[in-house]
Amino acid sequence: MARTHVTTVVNGDETEFLTEDSTSLLNALRDEVGLTGAKEGCGTGDCGACSVMVDDKVTCACLVFAPEVDGSTILTVEGLADSGELHPLQQCFLEGAALQCGICTPGFLISAKALLDRNPDPTETEIRYALAGNLCRCTGYDKIIRAVQEAAREMRGQ
Amino acid sequence: MAVVEENPGYKWVGTRPIRPDGLEKVTGKAQFGADLMLPGMLFGKVVRSPHAHARIISIDTTAAEAMVGVKAVITGSDFPDLAANGAHPSEIDVANNTIAREKVLYEGHVVAAVAATTRDQAEAAAKAVEVTYEILPHVLTVDEAMADDAPLLHEGMITKGVDPAPEEASNVASKILHERGDLDQGFGEADAVVEREFTTKPVHQGYIEPHAAVADANSDGRAHIWCSSQGHFQMRAYSASVLGISPGMLKVTAAEIGGGFGGKTVIYLEPLAVRLSQRAGRPVKLVMDRDEVFRATGPTSGTRIKVKMGVSKDGKITAAEVWMAYEAGAYAGSPVGAAGMTAIACYDIPNFVVEGYDVVCNKPRVAAYRAPGAPMAAFAVESVLDELARDIGMDPIEIRLANAAVEGTQASYGPKFPRIGFVETLEAIKDHPNYTAELGPNQGRGIAAGFWFNAGMMSSATVHINENGTATVVTGSPDIGGSRQSMALMAAEELGIPYESIKAVVADTETVGFNDVTGGSRVTLATGAAVVDACRLIVEDLRARAAKTWDVELDQVEWVDGQAQHAEGAQPPLSLKDLAAKSGRTGGPISANASLNSRGVGAGFSTQLCDVEVDPETGVTRVVRYLTAQDAGRAISPDYVEGQMQGGVVQGIGWALSEEYIHDSDGVMENPGFLDYRIPVASDLPMIDCAIVEVPNPAHPYGVRGVGEVGIVPPMAAVGNAINDALDVRMTDLPMSPVKILEALNDQGD
Ligand code: FES
Ligand code: FES
């Protein structure tokens, strides 16, 4: 079966892989590139566990065909920390106990980063709506919202 | 805000450090069930029944086997006939639920499985398996299943718990009964009596991680399983039974688990993956799609419950009569037993009858879900109690205080309660500012309480002191909500070394002693007690080594703050680090194991206060304020105690307002995805305020009770009571969706 050759930049590194046309970006990242940080919770765009940034836009990796990202820049949870230094969101999730099982965490971190990139000082309601596409069944969201508030404060230098 | 009693000034217990497994989880490194890749690994796919009830006439796998990339195809005939081997009926049910033999009993029931070199090939091969069915009539609810002429799922099922035993088979697997006093006399003494009937739908645990298993079988019959599971020892036992081999042939490694809430205490994929791997001679990964998770795993029961209760003018409950029927799904084993024991356990009631039925129907077999069985019963009982309080003009907290079970109360299910903290949770609510916060238009406030036993069961732990004086704490309890942190905190407290010097890990079935499942809120209690026991053995050993070093009697050595001290100060102290460095000269490696059967559980209580706003035009209910007060016994790890409390509440809010299984008339699930099975999202909710109450459990070294489950018991009634407070309509059918609220408002207008 002919496979498509895809060239991307993943977490800052040029990355090439071969994929079937019907393979999702999520499965390509997990099976071909070996980055299993993005998770499949539903495969239908309803849970956000597979969230990654494609050219600076939050995207459900389960809804994109892998060949579509040819030439794109992709950020996954594995690329959030900067040479071992955690992103403030990662640090605040840890300190604020914003994860229990942690399966939803990669998706929340990516969605929250996208929010803070465009709105450094969101209200609680804005955070809640920005994260409404990410399901968490463990935490009731309380500590996740607080962790994002805290990270926003830190990133604003307060 | 916490009611803290008798805190003897712990250094680590009760603090909020970063969890041991946190870094891996925020950086994407943590390996969950579906993340493992092995060289040469195949992808598997399961073939499922499209029918709710059918006889399997034939399965033709020839086309599938001939397809490109396909390495193995299995059906029920690839597994031993456990009935012929004289296995226990419950084992036979597990085996038949894992893969159907003669009949399929629900839509989604497994009939075959395939393994192929790619996902696409496996999917194509699964579609090519040809199954011929004879469709049978089905029953979907307790009402249909209990009807006189109902089609039977299991032709030989005779109701247990009925004397004399019925002669005819039925869909009722068992009956339970709890009675005390004289019901007629009790209702005779009542000044107000309320009788209501409630219905609830099956709801799913809704963990975000679908079930996943990888198996790698050897030609000598041994196999290694990696799976997302709440109890890898249990997975080993169940899988071995289904495969017809000895448990020792299987090694099971628990992957990081992406939520379970009870739903991952049972097996689905593991034996299939092993058999496929054996047939193919290569490792096989099986992962469910979300719609398979909905159609074939979990959920918890749909129910019908009738409650009649009476109170005297001063608020004393004089009598309670509860009748309940719980859907078990395809095989016997609904949580009606626990429901019957918990339904009225919060209260001291002189006269009652609680009667319950475990009823099979053509839906997926129910699995445990957080305080299994208790939430539906509490929805009914707490709603009726709310109405009684209104009838006699009494505050809802006061009526609960007037009847609350306390130390010494004979629990409705039998034993006398030891020290418990129900009253303290009621008082914590009363003392909180939310209790008197002003309500806006169309807003209402509701209160409800809940009880859960909490489990103990068996646990093992091993503690190793490393050569530099740090420690490794090894248990076999999969960590589903931060338990590695509580293990490390208790070990730090016992050994007197910093939390950061301790690594807590979860080991596979060959590396640590037996542990029962992570369930029943038992891990911090029972596995925690095993860790404490092992640490105490280590401290004994360390004292002995110091005594030998100093050439003094053992009783001259005390262990204080992580070091051996001479009672009279005649010797400079020896720290754990010093002793670890000398271990080769003082008796060898420092290590201890402890295994135990839990020494005593501590019952858990939760009282919750919910404010809602209901839009009378649309019927949409929004929770605007929420407070949960729960007796943790002792919060070893307050961050994760709050997490359990908040998570349970929000699952309950989903159960109350939006979650339900919807089946069409053919018994096919119509909403097997998160779009149509709607769990709460961040924008649906307010912050969830927590009041941790600490009334220590006398049977645990730190007073732990277990916190995972009771939080889901009160929310449905709390929300329903709040809706009633806002609009004066009593909702008796879950979920309390906008349509039903509008209907109730219309009826009220008639
Ligand atoms: S897996 Fe992509 S949204 Fe759920
Ligand atoms: S932490 Fe488990 S789903 Fe969010």
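Lettering follows sequence order; numbering is per chain, from 1.
- Between chain A and the options Gln31(B), Arg16(B), Glu256(B), Gln205(B), the largest number of non-hydrogen pairs under 4.5 Å is found for Gln205(B).
- Within the 4.5 angstrom heavy-atom criterion, no atom of Ile653(B) approaches chain A.
- Arg678(B) has its side chain out of reach of Asp46(A): every pair of non-hydrogen atoms, C-beta onward, lies at least 4.5 Å apart.
- Annotation: side chain of Leu685(B) is not in contact with side chain of Ile145(A) (no heavy-atom distance under 4.5 Å).
- A donor-acceptor pair under 3.5 Å is formed between the side chain of Asp142(A) and the backbone N or O of Ile688(B).
- One finds the OG1 atom of Thr36(A) at 9.5 Å from the CZ atom of Phe32(B) (value rounded to the nearest 0.5 Å).
- Distance CZ/Arg137(A) to NE2/His204(B): 9.0 Å, rounded to 0.5 Å.
- Taking CE of Met288(B) as the start and CD of Glu40(A) as the end, the distance is 13.5 Å to the nearest 0.5 Å.
- Across Leu99(A), Leu80(A), Thr44(A), Leu131(A), the residue that shares the most heavy-atom pairs under 4.5 angstrom with chain B is Leu99(A).
- Considering only heavy atoms from C-beta on, Lys39(A) stays 4.5 Å or farther from Pro210(B) through its side chain.
- Under a 3.5 Å cut-off, the side chain of Gln100(A) and the backbone N or O of Gly482(B) do not form any donor-acceptor pair.
- Among Leu23(B), Asp289(B), Val649(B), Asp689(B), the residue making the largest number of heavy-atom pairs under 4.5 Å with chain A is Leu23(B).
- Looking at Ile257(B), only its backbone comes within 4.5 Å of chain A, counting heavy atoms on both sides.
- Considering all non-hydrogen atoms of both residues, Phe674(B) and Cys47(A) come closest at CD1-CB, 4.1 Å.
- Contact of Phe43(B) with chain A is made through the side chain alone, with heavy-atom distances under 4.5 Å.
- The part of Tyr207(B) that comes within reach of chain A is its backbone (N, CA, C, O), which places non-hydrogen atoms under 4.5 angstrom from that chain.
- Per-residue counts of heavy-atom pairs under 4.5 Å with chain A were compared for Gly28(B), Ser683(B), Pro686(B), Gly647(B); the largest is that of Ser683(B).
- Of all heavy-atom pairs spanning Tyr141(A) and Pro680(B), the tightest one is OH-O, 2.7 Å.
- Once rounded to the nearest 0.5 Å, the distance linking OG1 of Thr27(B) with NE2 of His87(A) reads 14.0 Å.
- When each of Glu659(B), Lys29(B), Met645(B) is scored by its heavy-atom pairs under 4.5 Å with chain A, the top score falls to Glu659(B).
- Of the listed residues Leu675(B), Asp684(B), Val650(B), the one with more heavy-atom pairs under 4.5 angstrom with chain A than any other is Leu675(B).
- A distance of 7.5 Å separates CD1 of Ile208(B) from SG of Cys138(A), quoted to the nearest 0.5 Å.
- Only the side chain of Met37(B) comes within contact range of chain A, with at least one heavy atom under 4.5 Å from a heavy atom of that chain.
- Salt bridge present: Arg30(A) and Asp35(B) bring a charged side-chain N and a carboxylate O closer than 4.0 Å.
- The distance from atom CZ of Phe294(B) to atom SG of Cys42(A), rounded to the nearest 0.5 Å, is 10.0 Å.
- Checked for salt-bridge contact, Arg119(B) and Asp31(A) meet the test: a charged N lies under 4.0 Å from a carboxylate O.
- Note on Lys143(A) versus Glu642(B): salt bridge recorded, some NZ/NE/NH1/NH2 to OD/OE distance being below 4.0 Å.
- The contact between Ala34(B) and chain A is made by backbone and side chain atoms together, counting heavy-atom distances below 4.5 Å.
- For the set Leu89(A), Ile127(A), Asn27(A), the count of heavy-atom pairs under 4.5 angstrom toward chain B peaks at Asn27(A).
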